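Given the structure is predicted, the values throughout are model-derived calculations rather than measurements. Throughout, protein chains are lettered first and strands after them, A, B, ... in sequence-line order, and every chain is numbered starting at 1.
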Amino acid sequence: MTASGSGIGRSVPRVDAREKVTGQARFAGDLKLPGMLHGKVLRSIYPHARILGVDVSKAEALPGVVAVLTGADLLDIDPYYGHSIKDRPLIAIDRVRFVGEPVAAVAAEDEATAEAALNLIEVEYEVLPAATTMQAALAEDAPLLHEVEKLRPGLFHGLGELRPQGNICYQHTIARGEVAEAFERADIVVEGEYTFPAVYQYAMEPHTAVAQWEGDQVTVWASCQHPYLVRAELADLFGLPVTDVRVIVPYVGGGFGSKSYTKMEPITVALARKARRPVRIANRVDEAMVTTRRHNMVCRMRTAASADGTLLARQVSLWLDTGAYADNGPRVVATAADAAPGPYRWESFHVDAYGVYTNRPPSGSYRAFGATHLQWIGESQVDEVARRAGIDRVEIRLCNLLRPGEEVRPGGKPLDADLVGDVRKIAEALDWDSPKPPGTGRGLGVGLLAAGARPVSTAIVRLQADGTALLLVSTTEMGQGARTVLSQLVSEELALPVERIKVPGGDTNVTPYDRSTGASRSTTLAGKAVQRAARQVRDELLAIAGEHWGVAPHALELRQGAVWYGGKSLTFPDLIHERFGFSGGEIIGHGTVRPEAGKGSYAAGPVFWEVCIGGAEVRVDPGTGRIHILKLVSVADVGHAVNPELVEAQEMGASMQGLGNALFEEMVFDEGQILNSTLLDYHVPTIEDLPDAFISRLVENEDGPGAYGIKGVGEGALAGVPAAVVNALADLGIKVNELPLTPERIWRALHASDVPQRQEPIFKENP
Amino acid sequence: MTEGLIGQERPLVTISLRVNGEPVEAVIEPRELLLDFLRDRLGLMGAKRSCDTQVCGACTVLLDDLPVSACCTLAYEARGREVLTIEGLAQDGALHPLQQAFIEHTAVQCGFCTSGMILTARSLLQDHPRPTRQEIRHYLKGNLCRCTGYWNILKAVESVAGSGRQRGRVGEEAT
């Protein structure tokens, strides 16, 4: 009994491509409901202020305005949400904590009227002292963002009640051995202080939600990555059973973490509740920027090594600015801690990671968080050790890298990847051993990202009476190709062509539970559930056929949409007819994935270690400080590639985002106000920023936890690129300790006599 | 600000134009944007709203064969002219070669940039049937894509441009 669909390992065209090239694919903002109103949000102009009063009477009186929502409309519910820490009201109640925080929302017959009504709302503020940087937030006399003894736990991360220490909302430490002793013994110590900027994910489709109440039930169409977590938070906020909240996810125009967890859905639902009509809220880019972003970070790191380049110990302190509300901050803090040591065989390490509240817009997930923050720092120190020890920078990695099965950090999953092989592939693609053209620098970076989030996914496969199959799974199609890849898994198991498998969008009333779409988990975890669901269908088909011929199922074969016994065959429609005695009915298979060991907590995770690796060859214009990328190299250590071209597409996309993060992306703040809140001022990579050459290599060692040894990719390259570029610059003698690598910074580094040093450390003492 | 117009008698104008080859006549407010006109009045949802500032290209449509950002173009400016949206590109169900190439080269991911990207490329190839790689990059600079990293888009456009490049492993060849 073998499945011969050969559905995996082939680069079949995307199942959604035709809809997308013809303009037929529908996104949340394309939806029009009868009577739908347009919502606009009035946002705070102060980073920190008490709200003394909100007068909406003039706005309400404007013709075309149907409802104006303020905090006063939420007295009948507990209006706080937040999946890790329940610290955020869905609209400001009595206080605003960042520039851009929603203060009121208007629903009107058209968008222009709603926008005009915003100007008629009068808000009286009492401005409060603000902590708009981490330095300010960690000062002894800092204003407190959340003056509570205990922070309330959110629904999902199992953090319990946290006691904030000042403005530190979350702390995570990982450690092994005694670092002090190793540093005393070390021949080489590299240390420094580094900063990483706030970055905007720029999913091209800004957050969009449409909410429609019918009695006590609400339906929400949303551009969200995690429909089931949104459903749970909405049910919790509005006091409803989850079955009365329906979340439907059309195609999503890019996520990259910006649409993970709950974003604009609560305020949209609350506005529709007040207006008693369907409401759509569609963010604009400046609003998306204050909805979520990547954490800016300050990090101190030191690395100890012996004279021969053996890595001994690493000590790291890092502070991540989670903004006014935690959002996914705690998870980012924990993942950053996991990424900080780097994938080496340390005698000892100690990492203290902190999440800090500030009066800035909240920070959450962005592709390869934690790893992107830390890898360029750790890898630049490994390169520096190699230089001081006088050994090759690839060689030092081959000697010190963890091998498969070795402990990465206490309590976590042992290493499940061949990092030595991966580094060799990068080096080979960079022609590491051949002489460099004059004026060029080469660098590489390798690291690990705790991936998979919680391993909870379910799927249903429904084989229909005509031999087509419906795959019900709540993984969000946001560009990564989930619907294509998951179809291929069903194809493989049922020997059905991909064209005969349909995957509708996520709908919590139709498609079964999936924890989330992120953390590179879908092909691995949702895919495993899909495989199990398809196998149930397959087993039932074989049982029906076995009964028909009076033979054991193992004597049978599945091929070309039929079950075969020697030269005889029964098609799937035949078998369904046989089962139901009728030309109807269907065969349904269920698949479930749940934690096989531990509970999937921060400490017990991850499901797998995603390899973050990249290489770069660069040149620098000494006159302008501009970096030219000659070559970018990535390795996708994917376990088993279901669709090799889609894997490469993920690698290329992540690499270009990595280039943006490395070279020019930075949200610039002044007193908590973003100064570059349009794409005119916030530069993301264009097609002209392409490197001259891009090389992507697949590694398929079948060492992942998914079906056929699959493990996730799609994020790692983003973390690998900044590390590779920073190390390529150092190869040219240009040492940097802050990103992005703007021409000005590079020019200054070129013209400084040594490493650019700040006059004073950013934090004078550990908070 | 806009409140001056709200709640008052607003001036209206009649425009006639051709959209995807069909004549269209409509009574509009002079301030109405071409993007809203296409999406809200005609139900043509292929052009997308993203940056609102003529940077991203997601709202690109062709006005007399030249790409414009519909988010920053008044519908009034299209009077008497020919608008082509992504919905009008396929002829009798047969995809345009660029649409086919975007499918074959996996140049589509989330799809939000795709309509604008294809229409801009169509305009380029109409004027310059055999552009160089540099010319393609320069011409497509006004269309952002956050998913693909652009390589596959470049390959797709090159394949239609007939610039002689073989389809191979992505990006392996240096320029």
Please name the pair of heavy atoms, one in [X] and one in [Y], separated by the smallest distance, quoted to 0.1 Å.
{"X": "B:Leu144", "Y": "A:Pro685", "answer": "CD2-O, 3.9 Å"}
{"X": "A:Glu645", "Y": "B:Thr106", "answer": "OE1-OG1, 2.8 Å"}
{"X": "B:Ser50", "Y": "A:Pro206", "answer": "O-CG, 4.1 Å"}
{"X": "B:Ser115", "Y": "A:Gly23", "answer": "OG-CA, 4.2 Å"}
{"X": "B:Cys145", "Y": "A:Met204", "answer": "CA-SD, 3.9 Å"}

Which portion of [X] sits near chain A, non-hydrogen atoms under 4.5 angstrom:
{"X": "B:Asp40", "answer": "both"}
{"X": "B:Lys48", "answer": "side chain"}
{"X": "B:Thr148", "answer": "backbone"}

- Between CD of B:Glu104 and OG of A:Ser11, what distance do you get to the nearest 0.5 Å?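 Rounded to the nearest 0.5 Å, the CD-OG separation comes out at 13.0 Å.
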- Hey, what do you get for CZ (B:Arg49) to OG1 (A:Thr208), rounding to the nearest 0.5 Å?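 Separation between the atoms: 10.5 Å.
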- Message: One pair to check against side-chain contact (heavy atoms from CB on, under 4.5 Å): A:Met478 and B:Cys110. What are the steps and the verdict?
- Response: CA-CA 5 Å; A:Met478 52 188 184; B:Cys110 84; 5.7 Å; no
If we define contacts as heavy-atom pairs under 4.5 Å, which of [options] has the most with chain B?
{"options": "A:Arg26, A:Glu477, A:Lys32", "result": "A:Lys32"}
{"options": "A:Lys631, A:Gln201, A:Glu651", "result": "A:Gln201"}
{"options": "A:Gln480, A:Glu205, A:Met656", "result": "A:Glu205"}
{"options": "A:Val285, A:Thr484, A:Leu690", "result": "A:Leu690"}

- Query: Does atom CZ of A:Arg284 have more than 12 heavy-atom neighbours from other groups under 6.0 Å away?
  - Reply: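 For A:Arg284, atom CZ is crowded (more than 12 foreign heavy atoms under 6.0 Å).
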- Query: For atom NE2 of A:His628, is the number of surrounding heavy atoms from other residues, nucleotides or ligands below 6.0 Å larger than 12?
  - Reply: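 Result for NE2/A:His628: enclosed.
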- Check: A:Arg14 side chain, B:Ala107 main-chain N or O, donor-acceptor pair, under 3.5 Å: no
- Task: Without swapping roles, check the side chain of B:Lys141 against the backbone of A:Ile687 for a donor-acceptor pair under 3.5 Å.
- Result: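 Judged by distance alone, no pair lies under 3.5 Å.
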Is it the backbone or the side chain of [X] that comes under 4.5 Å from a heavy atom of chain B, or both, or neither?
{"X": "A:Ala649", "answer": "both"}
{"X": "A:Tyr251", "answer": "neither"}
{"X": "A:Thr22", "answer": "both"}

- Does one side chain, of A:Thr686 or B:Tyr150, offer a donor that lies under 3.5 Å from an acceptor on the other?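 The answer is no; no qualifying pair exists.
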- Query: According to the interplanar angle, ranging from 0 to 90°, do the rings of B:Trp151 and A:Phe694 count as parallel (below 30°), tilted (30 to 60°) or perpendicular (above 60°)?
  - Reply: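 Rings of B:Trp151 and A:Phe694: tilted, 30 to 60°.
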- Item | Lys/Arg N to Asp/Glu carboxylate O, A:Glu111 vs B:Arg39, below 4.0 Å |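 The answer is no: the pair does not qualify as a salt bridge.
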- Query: Would you call B:Arg137-A:Glu688 a salt bridge at under 4.0 Å N-O?
  - Reply: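 No, no charged N to carboxylate O under 4.0 Å.
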- Task: Would you mind telling me which of B:Leu44, B:Leu140, B:Leu154 has the largest number of heavy-atom pairs within less than 4.5 Å of chain A?
- Result: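 If we count pairs closer than 4.5 Å to chain A, B:Leu140 comes out on top.
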- Task: With a 4.5 Å heavy-atom cut-off (strictly below), which parts of residues 55-71 of chain B touch chain A? List them by number.
- Result: B:Val55, B:Cys56, B:Ala58
- Query: How about residues 72-101 of chain B versus chain A: which residues have heavy atoms under 4.5 Å apart?
  - Reply: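 Within residues 72-101 of chain B, the residues that come under 4.5 Å of chain A (heavy atoms only) are B:Ile86, B:Glu87, B:Gly93, B:Leu95, B:Gln99.
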